Trainee: 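This structure is in structure tokens; I'll ask about it shortly.
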Amino acid sequence: MKRFHRIVSGRIWLVLIVGTTCAVAGCSKVERPGTPTPGTSETAAGPKSDVAKLVPIEIKLPAPAFRGTPKPSKEPNVEAPLGKPRPAFLAPEGTVNLARGKSVAASDPAPAGGEVDYVTDGDKEASDFGYLGLRSGTEWVQVDLDRQATVYAVLVWHNHAEARVYRDVIVQIGDDPDFLDAVTVFNNDYDNSSGMGIGPEVGYVETAEGKLIDCRGSQGRYVRLYRRGNHMDDKNHYTEVEVYGRPVE
Ligand SMILES: [Ca+2]
Ligand SMILES: [Ca+2]
């Protein structure tokens with residue numbers, strides 16, 4: 001039944017939602033193939049001696065699965081959908097998803113739905129049974145990459161069955177599991193309601209393409225992703241998190 005739903009949803013979207021399947025924010029931070037971005041050049045992404053060839057990272061997208069009529073968002077500072085597929089994101093050759101199968105911790109000791117393992121199990125399809133649901137408020141999940149890595153991009157899917165705008169999307173990378181010392185690579189909390197400072201990034205609409213965050217070669221072992229509900233309800237969902245990088249030698 002789940003499979004049928006995905007197939008039907010996908011076909012409907014192929015017909016009806018052409019031009020919006022990639023309606024995500026963040027595409028402004030990526031470049032066309034062959035055009036190194038500031039965050040993926042050998043000077044910005046790592047040591048100057050790192051002259052690895054830049055290639056598009058390979059991303060396997062889930063099926064588009066919007067259902068129902070989207071509830072208009074009144075959230076301020078939300079960028080318009082790109083209206084076309086997200087351009088390829090370039091990173092040094094050998095960059096892979098380091099998060100797959102890795103252990104996940106969450107701020108909520110008793111998640112209302114799902115398991116923390118869902119965040120890195122590789123299943124990104126839209127399903128009410130496929131996401132980790134955390135309590136309301138500012139909550140986080142944290143992926144342990146097992147070892148320090150140079151991170152070029154984080155890709156996250158919340159609940160992409162609906163066109164939700166998640167609030168206070170904050171992503172940090174650090175070597176300390178308690179994140180007392182970490183680098184913030186994305187923060188779109190415009191009113192500091194999560195108490196971590198006002199962030200410069202804008203909001204975006206959740207879709208099957210997920211949100212790609214340019215991490216510009218930040219190094220660390222842990223990646224933490226905060227949320228504070230979304231424009232439809234106060235729930236925090238995590239379907240999948242991918243961390244594209246290379247282990248530090
Ligand atoms: Ca998953
Ligand atoms: Ca906020």
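Bear in mind that the values here come from a model prediction, so they are computed numbers and not experimental data. Every number for a ligand or one of its atoms is a count from 1 in the order of the listing.
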Trainee: Should Pro87 and Leu82 count as side-chain neighbours, where that means a heavy-atom distance under 4.5 Å?
Mentor: yes

Trainee: Taking just the N, O or S atoms of Glu240, which one is nearest to the Ca ion (ligand 1)?
Mentor: OE1

Trainee: Check for a donor-acceptor pair, side chain of Asn77 on one end and backbone N or O of Gly203 on the other, with a separation under 3.5 Å.
Mentor: no

Trainee: Do Val169 and Lys211 have side-chain heavy atoms sitting under 4.5 Å apart?
Mentor: no

Trainee: Specify which N/O/S atom of Asp191 comes nearest to the Ca ion (ligand 2), by atom name.
Mentor: OD1

Trainee: Closest to the Ca ion (ligand 2), which N/O/S atom of Asp189 is it?
Mentor: OD1

Trainee: Treating Glu206 as the side-chain partner and His158 as the backbone partner, does any N or O pair qualify as donor plus acceptor under 3.5 Å?
Mentor: yes

Trainee: From Thr120, does some N, O or S atom reach closer than 3.0 Å to the Ca ion (ligand 1)?
Mentor: no

Trainee: Taking 3.0 Å as the cut-off, does Ser194 contribute an N, O or S atom near the Ca ion (ligand 2), distance below it?
Mentor: no

Trainee: Any idea which N/O/S atom from Asp168 gets closest to the Ca ion (ligand 2)?
Mentor: OD1

Trainee: Work out the angle at the Ca ion (ligand 1) between OD1 of Asp121 and O of Thr239, rounded to 10°.
Mentor: 160°

Trainee: Report the atom name of the nearest N/O/S atom of Asp123 relative to the Ca ion (ligand 1).
Mentor: O

Trainee: Check whether any side-chain N or O of Asn236 sits under 3.5 Å from a backbone N or O of Tyr238 as a donor-acceptor pair, and report yes or no.
Mentor: no

Trainee: State, with a plain yes or no, whether a side-chain heavy atom of Tyr226 is found less than 4.5 Å away from one of Asp168.
Mentor: no

